[in-house]
Amino acid sequence: MDTILNKMNDEQKKAILATEGPIIVLAGAGSGKTRVLVHKVLYLIQEKEVSPHNIVMLTFTNKAAGEMKERIMNALGENAMRYSPPTVGTFHSLCAKILRVDGDAIGISNKYLIYDSSDQQQTVKDAMNLLSIPIKDAKPRSILSAISQNKNQLIDPVSYASFARGRFQEIVSRVYPLYQQLMKDRDALDFDDLLLETIRLFRTHPEILKKYQEQFQYILIDEYQDTNHAQYELSRMLSEKHKNICIVGDFSQSIYSFRGADFRNLKKFQEDFPKAQVFPLSQNYRSTQNILNAAYSVISHNTSHPVLNLWTENPEGEDLRILQAENEHHEVDQIIRLIHEAMDKNPDLTYADIAILYRMNAQSRTIEEVLLHHGIPYVLVGGLRFYERKEIKDVLSYLSYLATQKDSVALKRIEKLGKKRLSYFFEYLTEFDERGYYETKSTIDILDDVLRKTQYIEMYDERDPEDAPRLENIRELRSVALEFPNLTDFLQNVSLVEQEYRSDKSMQKSSRPNAITLMTLHAAKGLEFSMVFMIGMEEGLFPHSQALFDTTELEEERRLCYVGITRAKTKLTLTFAKRRLFFGQRLTPTVSRFIMELPTRVVEKNLKNMPTSDPDFF
DNA sequence: GGTCACACAGTTTTT
DNA sequence: CTGTGTGACC
């Protein structure tokens, strides 16, 4: 342990050695946050002799959880066998497990299904139908997002109705209770419910809360700035007894408020625990000083939250580059030119060291076109997720309906797959019930039965280039099914941990293919690349048009910009176009304010090189 | 029950 | 420009 601690800087050591009571770690970008968290757990286990059973670490994504767990187990090395692993997961996965075990106390069947957003939307539509509210009066998506916001704020349908004002809110107040009723009828919980129902369970059954409080003597929470109110409440409840709670976060990297995250939870924590110890991690190991200066210069324009001033022992590095393009194609052309220039100068630089970041997925199309045209390899991160694919949803619908026979969203889907298939499916359903397959057959056998009986596979042709990947996905689903012999186990896990299957696979293969990474700024959080391009730095695109007149949203965009800048290790280029095709329209945007917020020297130096044909541009 | 044409809207996204 | 969703028609 000593040797591990020796590799840490003073800030990190202090943060690791403090184990008792409430602790706040303000971890700047690239400050070794994951290392600190991992070693804190190791320190608790090895030095403080805390049983891993009594430790819980909560992360923002399953991917992060998997990474943490792996690093902890690896570090324990041969001793790992002596310990049962600590609980590491997301708030949602922890709550899902708690409800599976103890949910029946508040009337939640232990076979409950987890609805994803398309299932949720269908349920909202069903509710609107039953209430005879036409879809043109209110978009189901908007209603769903209002419901979700309420749930995040722990506002139930009854209290919402008491203050709902105006046409839209009035509609929501009618749909919300029915939506909840339909969910209950269908034995389904949405992602928000997982948190909400756990809170309800804890509030109504103190003895169950006590059980978990006693188990989780040490609580560590990552990405605290991205917690919503329900998660804040859960962490408060769980830590109430032992008060050994360590939260890690960075105000400047809060970029998920649009789905309920509230960085003020970080402040609230300080108010709840005025005696909390605070450990800032301000030494950065990733970027050049120039990049950090740029990041600081931009984020300093935010006034609603504190900002860490990062420093590094890394060299000052080269200046940032700002590139003006004629249009969106020219933008990518110039990027390619810069990439090849840099690669000529530095033979060690490969495509895998390079990322192109953008604000919206719609922007990826042009980049792909140009890269394809030049024959440059790339990987696109994001897009349709495994679980959202048609063939996967179809097959899972069959299984969901078999499991509870209450999932009418699934049934609707099954009906759409054809009458013949439907009757074959019902034949199997009868057999399934009569012979008690739920108890006797494993997931994979049931899955194969269904595929065979319904002739689902016959919908696709292996030789058709569009169908082949679908068949491949179904095979992939089969391999997941092998891991979870219990059907309910499988269904609950497949929706919760789906992310891991995709990204792990694509990331593991050769740890990273020799290709440029294309992704949104959001998706880039937590990653790093030697050479980073932030494209489309234009008012209305980034910051996004909907954020231009709202200070709160503008500050969030600025944090997103901060996240983007701090992904770069040595080379950072920001680009914008004078003209851009946007939803079929030619726009003449103005340069993003974030460019103007870079250090004066960077702006002046770059602007000097710009053509002056267009003096009004800035 | 399936296909085609037209209207329409259009961030970010994990759980 | 594109993907989605609806309504008409076979």
Side-chain angles (χ1 to χ4, degrees), chain A residues 58-65 89-97 114-122 125 134-136 139-142 144-145 148 151-152 189-196 198 222-223 226-228 230-231 234 254-261 328 357-366 369 381-388 390 415-422 492-500 502-503 519-526 536 540-548 550 553-554 556-557 559-561 563-564 580-587:
Chain A
L58 298 173
T59 59
F60 191 58
T61 63
N62 286 306
K63 200 177 142 207
T90 62
F91 274 100
H92 292 87
S93 66
L94 177 67
C95 289
K97 270 181 215 139
I114 299 171
Y115 266 18
D116 75 357
S117 61
S118 65
D119 302 330
Q120 284 178 272
Q121 268 193 53
Q122 189 53 54
K125 281 184 191 163
I135 305 183
K136 36 179 208 308
K139 282 174 283 182
R141 229 184 66 186
S142 310
L144 186 57
S145 115
S148 174
K151 288 188 177 181
N152 287 163
L189 298 180
D190 62 29
F191 285 110
D192 300 319
D193 288 332
L194 293 174
L195 308 177
L196 213 68
T198 306
D222 195 12
E223 307 275 18
D226 283 326
T227 54
N228 62 32
Q231 289 165 326
L234 272 168
S254 170
I255 55 172
Y256 284 105
S257 74
F258 65 91
R259 60 174 208 240
E328 67 280 356
L357 310 180
Y358 39 84
R359 180 66 180 82
M360 294 191 297
N361 277 316
Q363 289 171 269
S364 71
R365 198 184 182 84
T366 317
E369 273 168 25
V381 178
L384 207 53
R385 268 174 262 125
F386 186 67
Y387 186 61
E388 284 167 4
K390 179 194 181 300
E415 285 167 350
K416 281 187 188 151
L417 295 174
K419 271 210 169 119
K420 253 197 312 182
R421 261 184 209 99
L422 184 67
Q492 287 180 357
N493 274 288
V494 85
S495 42
L496 270 176
V497 303
E498 176 263 313
Q499 184 63 12
E500 267 181 295
R502 240 174 64 85
S503 49
M519 60 186 158
T520 62
L521 288 152
H522 281 91
K525 193 178 176 192
L541 190 52
F542 189 36
H544 193 269
S545 56
Q546 310 239 301
L548 289 177
D550 181 318
E553 288 198 49
L554 206 53
E556 173 131 327
E557 297 282 304
R559 288 191 291 272
L560 190 56
C561 185
V563 167
R580 181 177 297 275
L581 195 64
F582 199 64
F583 293 140
Q585 274 185 312
R586 280 259 155 234
L587 298 182

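All heavy atoms count here, side chains included; hydrogens, waters and symmetry mates do not. Chain A is the first sequence line, chain B the second, and so forth, proteins listed ahead of strands; every chain is numbered from 1. Quick caveat, the model's predicted, so the values are computed rather than measured.
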What N/O pairs connect the protein and nucleotides 1-6 of chain B at under 3.5 Å? Give each pair on its own line.
unit_1, atom_1, unit_2, atom_2, d
dG1(B), OP1, Lys419(A), NZ, 3.4

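- Look at Thr520(A) and you'll find a side-chain N or O under 4.0 angstrom from OP1 or OP2 of dT13(B).
- With hydrogens and angles left out, the side chain of Arg359(A) and the base of dT11(B) share no donor-acceptor pair within 3.5 Å.
- In this structure, His544(A) and Thr90(A) both approach DNA chain B, and ranking their closest nucleotides by distance from the 5' end singles out His544(A).
- Straight-line distance from the CD atom of Gln492(A) to the C1' atom of dT15(B): 14 Å, rounded to whole Å.
- Here Leu94(A) contributes atom CG and Thr198(A) contributes atom OG1; the two are 7.5 Å apart, rounded to the nearest 0.5 Å.
- In this structure, Glu388(A) places its CD atom 10 Å from C1' of dT13(B), rounding to the nearest Å.
- Rounded to a whole Å, the NZ atom of Lys97(A) is 14 Å from the C1' atom of dT15(B).
- Separating the P atom of dT13(B) from that of dT4(C) is a span of 16 Å, rounded to the nearest Å.
- The distance between atom CZ of Arg141(A) and atom P of dG10(B), rounded to the nearest whole Å, is 7 Å.
- Within 4.0 Å of Phe60(A), counting heavy atoms only, lie sugar-phosphate atoms of the nucleic acid but no base atom.
- At a cut-off of 3.5 Å, with distance as the only test, a side-chain donor of Ser257(A) or Glu556(A) sits close to an acceptor on the other residue.
- Residue Phe258(A) and nucleotide dT12(B) are classified as a stacked aromatic pair, their ring centres being separated by less than 5.5 Å at an interplanar angle below 30°.
- A distance of 9.5 Å separates CZ of Arg559(A) from CD1 of Ile255(A), quoted to the nearest 0.5 Å.
- Across the interface with DNA chain B, nearest-nucleotide mapping of Lys139(A) and Leu194(A) shows Lys139(A) to be the residue nearer the 5′ end.
- Using a 90° window around 0 for the glycosidic torsion, dT12(B) falls outside it and is classed as anti.
- In this structure, Glu557(A) places its CD atom 8 Å from C1' of dT11(B), rounding to the nearest Å.
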Item to check | Full working for side chain to side chain contact (heavy atoms under 4.5 Å, CB included) between Gln231(A) and Leu58(A) | outcome: CA-CA 10 Å; Gln231(A) 289 165 326; Leu58(A) 298 173; over 6 Å; no
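- Between Asn361(A) and dT13(B), a side-chain N or O to OP1/OP2 separation shorter than 4.0 Å is present.
- The distance between the ring centers of His544(A) and Phe258(A) does not fall below 6.0 angstrom.
- To the nearest 0.5 Å, the span separating CD on Gln122(A) from CG on Asp119(A) amounts to 8.5 Å.
- The CZ-C1' distance, from Phe191(A) to dT14(B), rounds to 8 Å in whole Å.
- In this structure, Thr520(A) and Tyr358(A) have side chains that are in contact, with non-hydrogen atoms separated by less than 4.5 Å.
- When heavy atoms are screened at a 4.0 angstrom cut-off, Ile135(A) is found touching the sugar-phosphate backbone but no base atom.
- A 4.0 Å heavy-atom criterion places the boundary nucleotides of DNA chain C facing chain A at dC1(C) to dT6(C), written 5' to 3'.
- Within the structure, every side-chain polar atom (N or O) of Asn62(A) is placed at least 4.0 Å from both OP1 and OP2 of dT14(B).
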Item to check | Step-by-step side chain to side chain contact (heavy atoms under 4.5 Å, CB included) determination, Asp222(A) to Phe60(A) | outcome: CA-CA 7 Å; Asp222(A) 195 12; Phe60(A) 191 58; over 6 Å; no
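- For the side-chain contact (heavy atoms from CB on, under 4.5 Å) test with Cys95(A), the passing option among Asp193(A), Leu196(A), Leu194(A) is Leu194(A); the others fail.
- Which of dT15(B), dT11(B), dT13(B) sits closest to the side chain of Met360(A) comes down to dT11(B).
- In this structure, CD of Glu223(A) is placed 16 Å from P of dT13(B), rounded to the nearest angstrom.
- Under the side chain to side chain donor-acceptor pair (under 3.5 Å) criterion, Glu557(A) pairs with Arg359(A), sequence neighbours left out.
- With centroids closer than 5.5 Å and planes inclined by less than 30 degrees as the test, His522(A) and the base of dT12(B) fail to qualify as a stacked pair.
- Atom NZ of Lys139(A) has 12 or fewer heavy atoms from other residues, nucleotides or ligands within 6.0 Å.
- Counting non-hydrogen atoms under 4.0 angstrom, Gln120(A) reaches nothing in the nucleic acid.
- The nearest whole Å value for the distance from the OH atom in Tyr358(A) to the C1' atom in dT12(B) is 12 Å.
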